[in-house]
Amino acid sequence: MELTGAQILLESLRREGVEVVFGFPGGAVIDIYDQLPHYPLRHVLVRHEQGAIHAADGYARATGKVGVCLVTSGPGATNTVTGIATAYMDSVPVVIITGQVPTPLIGNDAFQEVDIVGITRSCTKHNYLVKDVRDLARVIKEAFYLASTGRPGPVLIDLPKDVQTQLTEYKYPKTIKMRSYNPTYAPNPKQVAKVAEVLRKAKKPIIYAGGGVIASEASDDLAWLARALDIPVTATLMALGCFPADDPRWLGMLGMHGTYAANMAISHADLILAIGSRFDDRVTGKISEFAKNAKIVHIDIDPTSIQKNVAVHIPVVADCKSFLTALRDILEPALATEPAASHEAWTTKVSDWKAEKPLSYTQNETTIKPQFVVETISKLTKGEAVITTEVGQNQMWAAQFYAFTKPRSFISSGGLGTMGFGFPAAIGAQMAFPDRLVIDVAGDGSIQMCIQELATAVCYGLPVKIVILNNGYLGMVRQWQELFYKKNYCATCLDVAPDFVKLAEAYGAAGFRVTDPAKVESTLAEAFALPRPVIVDVVVDREENVAPMVPAGKSITEMILV
Amino acid sequence: MRHILSILVENEPGVLARVAGLFSGRGYNIETLNVAPTLTEGLSMMTITTTGDEAIIEQIVKQLRKLVTTLKVVDLTEVKSVQREMMLLRVDAEGQKRVEVLRIVDIFRCKVVDVSPDELVLEVTGNQEKLTALINLLQRIGIKEVARTGAVAMKRGMQE
């Protein structure tokens with residue numbers, strides 16, 4: 001049967017199992033929108049294209065499925081760039097469809113024309129400009145395949161207006177094989193055997209888990225390994241939730257704002273099992289001082305991540321899940337006959353570090369501490385909500401003080417550090433899980449970067465909760481200025497701010513303000529019980545800092561503790 | 001150290017930009033670059049010479065392999081290989097100089113591909129050292145213009 005380009009796109013999305021599309025119309029995509037009502041796709045009309053891409057990203061992180069975003073040419077396309085780079089840095093599967101001016105006009109500086117394929121080449125896993133409608137079905141199939149396999153990432157399809165109306169015979173490929181793209185999933189068995197060997201012999205082992213564990217759905221396998229060999233576990237920001245916070249082996253996050261125990265343990269370990277993590281500078285601190293005495297095992301599906309920042313002793317190119325399964329197949333029978341080397345001295349040492357300097361703060365009777373707010377959220381939701389964050393102090397406190405129990409319940413812009421991400425991402429997660437409690441832990445600075453999406457949340461009845469840790473500052477930058485720039489608080493004070501309660505009400509959402517520590521729990525509980533979008537504006541201690549902190553460029557053992 | 005990379009890519013729009021963008025975006029340097037179709041329809045061969053320590057070259061090779069449009073990357077510096085580069089030179093050849101230029105043409109097995117009263121255009125093929133030596137010699141006489149292809153290279157048949 002002959003279909004138009006627009007129909008091919010929508011039918012292919014349906015066949016890929018897409019249920020929700022986050023988008024914003026415009027001249028170059030009207031033909032797609034004209035056909036949209038005929039297809040079983042829920043469209044979420046955002047209020048800014050950046051909201052669309054972040055929502056698609058949040059949807060993808062919460063579900064593991066590919067998020068889809070549809071925008072027009074020119075400014076519609078460029079408005080998604082920050083969100084595309086965000087998804088790229090954090091390896092999130094997203095397909096972005098941008099309209100483009102008709103093919104005869106490409107290159108003519110036509111109205112709303114921009115070379116979005118050129119602009120996004122370095123922040124997409126791959127991108128396409130479809131000039132012939134006969135290529136469209138194959139390109140869509142490839143785009144979903146590329147976005148969701150190997151190391152996941154965003155894929156952009158630029159679709160000129162005339163291609164959307166051209167007719168062609170529609171045949172959607174059932175399977176896809178690309179001669180130039182074959183990600184390695186299965187680990188080399190020899191390498192797995194080596195890893196099993198060193199793990200069994202290690203005296204001071206530690207697991208350093210990254211986002212790859214979540215992406216490959218390997219959390220249970222990781223927990224098995226940690227428990228079978230009694231290995232302490234730390235994780236990156238991207239991997240929070242991959243290991244239950246109530247397990248005694250859990251050390252918390254490591255790195256710049258990691259726990260004392262995690263940073264000490266990784267610095268003193270004799271064996272680091274880095275799995276699905278990439279030795280980011282926020283994790284390693286000064287690279288020449290990082291884990292100098294440890295043997296490093298690194299498992300990653302992306303070969304470029306291995307040997308990039310640190311020298312690795314046993315590299316394994318593999319999907320985390322496949323690796324852990326293969327490792328278990330070796331370890332399980334081996335442990336049955338001969339238990340692993342005991343490392344009780346090590347686990348005791350690690351427990352001591354945990355007890356010695358745990359994450360802490362002191363809540364008084366007058367001023368609300370931001371950490372107390374996050375802990376209260378954690379308590380009220382039993383660690384089972386979907387938490388998104390903005391970027392800065394709010395993000396770090398959420399990472400430190402919320403006790404995550406499940407994977408895909410912490411959604412945060414780790415690599416790019418995009419302020420304005422959390423709220424639209426929460427909208428995406430709430431679209432995926434209408435019945436779950438979705439909470440954006442925000443700052444008064446970040447929330448204003450995509451605040452317009454309140455209209456989206458109200459319009460679609462999405463009961464997202466925004467908890468603003470309001471300190472009247474761009475708090476993380478202020479913290480750096482305090483500690484490293486002689487308290488020169490240049491351009492970080494937000495003394496002119498909207499009344500967030502009135503703002504919420506103006507959009508048709510509910511608003512609360514809390515200033516009294518005694519009212520934090522009751523107000524949050526009331527807000528969480530409302531079946532509508534809510535802003536809770538929590539006025540917190542203005543100059544509270546995130547601790548511990550490793551100054552940029554220092555070794556991660558050099559922590560500023562309070 | 002200088003490395004020659006042979007990169008087999010899909011011959012489609014934007015491939016060169018992807019490769020070049022990878023080098024510039026990650027702070028690597030392209031010294032020479034050559035692209036041409038192969039015998040297989042739809043595939044092109046790029047030859048890139050670049051410099052860097054082992055870790056950098058390893059990253060470059062891996063990053064190139066990661067590009068969705070790349071089929072194969074070989075570091076020809078790691079195997080026995082032959083390399084050639086072609087160069088055209090416009091040389092001053094007025095009066096007395098003409099004889100000297102022609103003598104050098106002979107020694108270096110160049111070809112004269114264009115003649116005019118006061119200059120000659122020479123074609124020469126060889127490895128980088130040979131071309132450098134020729135340039136050094138001719139500079140004393142006077143080179144007006146140079147155009148080079150950049151290196152192309154191939155693995156030798158018999159490897160140890």
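Values reported hereafter were calculated over all heavy atoms of this structure, with side chains retained and with hydrogens, waters and symmetry mates removed. To find a chain, count down the sequence lines: A is the first, B the second, and so on, and within it residues start at 1. Just so we're clear, the structure is a prediction, and the values are computed from it rather than from any experiment.
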Discussion item. How long is the straight-line distance from CD of A/Gln307 back to CD of B/Glu54, given to the nearest 0.5 Å?
Written reply: 10.5 Å
Item to complete: For atom NZ of A/Lys286, decide whether the heavy atoms of other residues, nucleotides or ligands shown that lie under 6.0 angstrom number more than 12.
Response: no
Practice prompt. Measure distances from B/Glu58 to the heavy atoms of chain A and classify the residue's part below 4.5 Å as side chain, backbone, both or neither.
Written response: side chain
Worksheet entry | Spatial distance of atom CG (A/Asp302) from atom CZ (B/Arg65) [nearest 0.5 Å] | 13.0 Å
Response to the item:
The interface call for B/Ala55 against chain A, heavy-atom contacts under 4.5 Å, is neither
Worksheet, complete the sentence: CZ (A/Arg121) and CG (B/Leu22) are apart, to the nearest 0.5 Å, by 12.0 Å
Worksheet item: Would the number of heavy atoms belonging to other residues, nucleotides or ligands and lying under 6.0 Å from NZ of A/Lys131 be above 12?
Response: no
Worksheet item: Taking everything shown except B/Met154 itself, do over 12 heavy atoms lie less than 6.0 Å from its CE?
Response: no
Worksheet item: Taking atom CD of B/Gln59 and atom CG of A/Asn309, what is their separation to the nearest 0.5 Å?
Response: 8.0 Å
Item to complete: Return yes when atom NZ of A/Lys141 has more than 12 non-hydrogen atoms of other residues, nucleotides or ligands closer than 6.0 Å, and no otherwise.
Response: yes
Discussion item. Counting only heavy atoms not in B/Lys111 (residues, nucleotides, ligands), do more than 12 fall under 6.0 Å from its NZ?
Written reply: no
Worksheet item: Do the side chains of B/Lys62 and A/Val317 get nearer than 4.5 Å, heavy atoms only?
Response: no
Worksheet item: Do A/Ser180 and B/Thr70 have side chains that get closer than 4.5 Å, going by heavy atoms?
Response: no
Discussion item. So, taking the atom named OH in A/Tyr128 and the one named CD in B/Glu12, what distance separates them when rounded to the nearest 0.5 Å?
Written reply: 7.5 Å
Worksheet entry | Contacting region of B/Thr69 [heavy-atom separation from chain A under 4.5 Å] | both
Discussion item. Any heavy-atom pair between the side chains of B/Lys66 and A/Arg151 that's under 4.5 Å?
Written reply: yes
Worksheet entry | Greater than 12 external heavy atoms within 6.0 Å of B/Arg2's CZ | yes
Worksheet entry | Proximity breakdown for A/Ile306 and chain B, heavy-atom pairs closer than 4.5 Å | both
Worksheet, complete the sentence: Checked B/Leu71, B/Leu8, B/Val61, B/Val68 vs chain A; the most non-hydrogen pairs under 4.5 Å come from B/Val68
Item to complete: Would you give the length of the straight line joining atom CZ of A/Arg179 to atom CG of B/Leu43, rounded to the nearest 0.5 angstrom?
Response: 4.0 Å
Practice prompt. For B/Asn136, look at atom CG and say whether over 12 heavy atoms of other residues, nucleotides or ligands are found less than 6.0 Å away.
Written response: yes
